[in-house]
Amino acid sequence: MTRFAKRRDKLRSQLRKTKLESLLITNATNVGYLTGFTGDDSYLILSADRCVMLSDQRFTTQLEEECPDLDVEIRGPGKKMLDSIAAVLKKLKLTTVGFEASSMTVALHSALKAALAKCELVETTGWVEQLRMVKDRDEIDRTRRACQLARRAFEVVRATLTPEMTELQVAADLEYQARRFGGKCMSFPSIVAVGPRSALPHANPTAQRLGADDFVLIDWGVNEALYMSDLTRILVTGKILPKLRKVYGVVLKAQLAGIKAIRPGVTAEAVDQAARSVIAKAGYGKQFGHSLGHGVGLEIHEAPRLGAGRDLVLKPGMIVTVEPGIYLPGWGGVRIEDDVLVTRDGHEVLSSVPKDLDQCVVG
Ligand code: ZN
Ligand code: ZN
């Protein structure tokens with residue numbers, strides 16, 4: 001059985017549990033997760049014994065290559081996806097169908113309701129996303145490679161930094177190197193923020209030059225074979241002033257406390273708290289205004305979230321970021337981020353870029 005068939009089987013047991021006949025999967029990431037298909041504009045209908053991919057003629061060959069074990073319903077030019085859905089449900093004699101409420105537009109839902117007048121549409125939320133939280137060996141390997149590519153690109157760019165370079169140039173170079181090393185693309189547009197600009201947790205790169213301040217925050221990641229990495233480092237391009245040493249020390253201590261707390265059986269909230277309490281104790285609680293981390297995989301932000309009020313319990317195979325930060329408007333921000341796998345007996349940090357402050361000095 002392929003790993004995709006295994007995933008579909010897990011979804012079938014969810015169907016049985018909720019006594020639902022079938023599920024219509026419209027979220028492209030979820031369709032890919034369940035089938036291995038890397039195209040888009042294609043939906044999947046899954047029932048107890050059938051699985052049909054609904055697509056169009058642009059993808060006929062790609063579907064044969066990527067998902068040879070699937071039944072495929074290809075519609076011709078001018079034919080509508082909605083008609084395909086209705087035809088397949090009728091052919092399979094399915095009268096109740098679950099839909100993915102959290103990724104469907106109101107417009108599509110209304111159109112489905114009209115087109116499937118004889119079917120009962122049942123709202124489901126996060127079924128596939130729940131499965132995606134726990135990664136299999138192949139997904140872990142891909143994420144590991146995504147972390148290695150991020151490191152290689154970072155090391156090359158780091159060795160070429162000059163005071164004249166702008167934030168935009170650093171972001172462009174990171175992407176160029178990541179792709180030269182074989183990455184598909186960046187996981188997201190890189191954040192490169194010099195000095196005070198790093199106080200914006202999601203700063204867009206500008207024409208600001210590295211030489212304008214003593215440090216730069218870089219938040220980047222590489223998409224390797226669809227799986228993503230997500231890292232943040234501070235690089236010291238000038239002097240280590242006492243304030244940077246102090247703030248950096250607190251953030252690093254918090255990050256290591258968060259990582260140390262990761263193991264099967266603990267809640268996402270407890271991990272957040274382990275890191276947050278270090279920052280609060282140092283007097284910077286109000287300056288850490290986001291949650292500690294997030295799941296990373298086919299999407300850059302996915303379940304589980306590590307934050308207050310998250311009672312989700314960590315399981316082996318989950319991959320989360322741990323990224324505490326302290327942001328001081330006018331001065332700057334420090335965030336340190338790594339990708340961490342929950343293992344059977346604890347955790348493994350998948351990303352490996354040095355992070356002791358003295359190792360972050362560009363020389
Ligand atoms: Zn990040
Ligand atoms: Zn992140």
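Atoms within a ligand are numbered from 1 in the order they appear, just like the ligands themselves.
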Legend entry - Pair T206-E167, side-chain donor/acceptor within less than 3.5 Å: yes

Inset, instruction - Indicate whether the side chain of E269 and that of T267 have a donor and an acceptor atom separated by less than 3.5 Å. - result: no

Inset, instruction - Specify whether an N/O/S atom of E323 falls short of 2.8 Å from the Zn ion (ligand 1). - result: no

Legend entry - Between E323 and H294: side-chain donor-acceptor atoms closer than 3.5 Å: yes

Inset, instruction - Output yes if H294 passes the N/O/S-under-2.8 Å test against the Zn ion (ligand 2); output no otherwise. - result: yes

Inset, instruction - Could you check I259, I262, D230, V296 and say which one makes a side-chain contact (heavy atoms from CB on, under 4.5 Å) with V320? - result: I262

Inset, instruction - For the Zn ion (ligand 1), find the closest N/O/S atom on D230 and give its atom name. - result: OD1

Inset, instruction - Please determine if R7 forms a cation-pi arrangement with Y33, meaning its NZ or CZ atom is less than 6.0 Å from the six-membered ring centre and no more than 45° off the ring axis. - result: yes

Inset, instruction - Please name the atom of D219, restricted to N, O or S, that is closest to the Zn ion (ligand 1). - result: OD1

Legend entry - For the Zn ion (ligand 1), the closest N/O/S atom belonging to E337: OE1

